[in-house]
Amino acid sequence: MKIMTMTMTLTSKRQTVFPLWWCRREGLENGGPLNVFDLGKDGLLIRPVKPPGKEVIARLLEQTPASKHSPRQAAAIVKQALRPGT
């Protein structure tokens, strides 16, 4: 993987423009939300917020619905959640 290095300018209103090639690669040609992680003196890590994929959505929909459960049901849910590889 080739690492690209660039310098960006921050305006007095704290706005900046990201490189077009990066925006296209990340699906942000028309803008969109970003997560910004402060790495202290090492800088900022900027990543686009992406919706979960089909696999994640399917897994979430298969989860036990949030509601009151009997102690037996609660124990089964916890046991399943603590299984290795799940």
Side-chain angles (χ1 to χ4, degrees):
M1 180 173 120
K2 182 180 176 185
I3 297 177
M4 301 182 95
T5 305
M6 72 199 73
T7 301
M8 297 173 64
T9 302
L10 189 66
T11 70
S12 62
K13 294 185 180 189
R14 291 165 306 287
Q15 297 173 322
T16 190
V17 176
F18 291 95
L20 183 57
W21 60 265
W22 182 82
C23 292
R24 285 182 177 151
R25 185 185 78 203
E26 299 298 332
L28 296 169
E29 298 93 340
N30 298 314
L34 299 168
N35 281 326
V36 179
F37 303 93
D38 184 356
L39 303 177
K41 298 228 181 242
D42 292 328
L44 296 174
L45 174 62
I46 302 171
R47 297 296 308 148
V49 177
K50 295 190 176 182
K54 291 179 183 179
E55 291 177 5
V56 173
I57 292 171
R59 192 169 1 115
L60 290 172
L61 291 174
E62 290 173 0
Q63 288 182 352
T64 305
S67 63
K68 283 193 168 190
H69 298 289
S70 71
R72 178 180 280 171
Q73 289 171 318
I77 292 168
V78 170
K79 185 177 180 180
Q80 180 182 4
L82 294 177
R83 278 194 334 226
T86 54

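Note that this is a predicted model, so its numbers are computed, not measured. Only this structure's heavy atoms are used, side chains among them; waters, hydrogens and symmetry mates stay out.
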Inter-residue atom distance [X].[atom1] - [Y].[atom2], 0.5 Å rounding:
X     : Y     : atom1 : atom2 : result
Ile57 : Glu62 : CD1   : CD    : 12.0 Å
Leu44 : Asn35 : CG    : CG    : 12.5 Å
Gln80 : Gln63 : CD    : CD    : 9.0 Å

Nearest heavy-atom contact between Pro48 and Glu26 is CG-OE1, 3.4 Å
Can you get from Val49 to Ile46 by hopping between Ile, Leu, Val, Met, Phe, Trp and Tyr side chains that sit under 4.5 Å apart? no
With a 4.5 Å cut-off on side-chain heavy-atom distances among I, L, V, M, F, W and Y, is there a chain of contacts connecting Val36 to Phe18?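 Same hydrophobic cluster.
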Atom CD of Glu29 with >12 non-hydrogen neighbours under 6.0 angstrom: yes
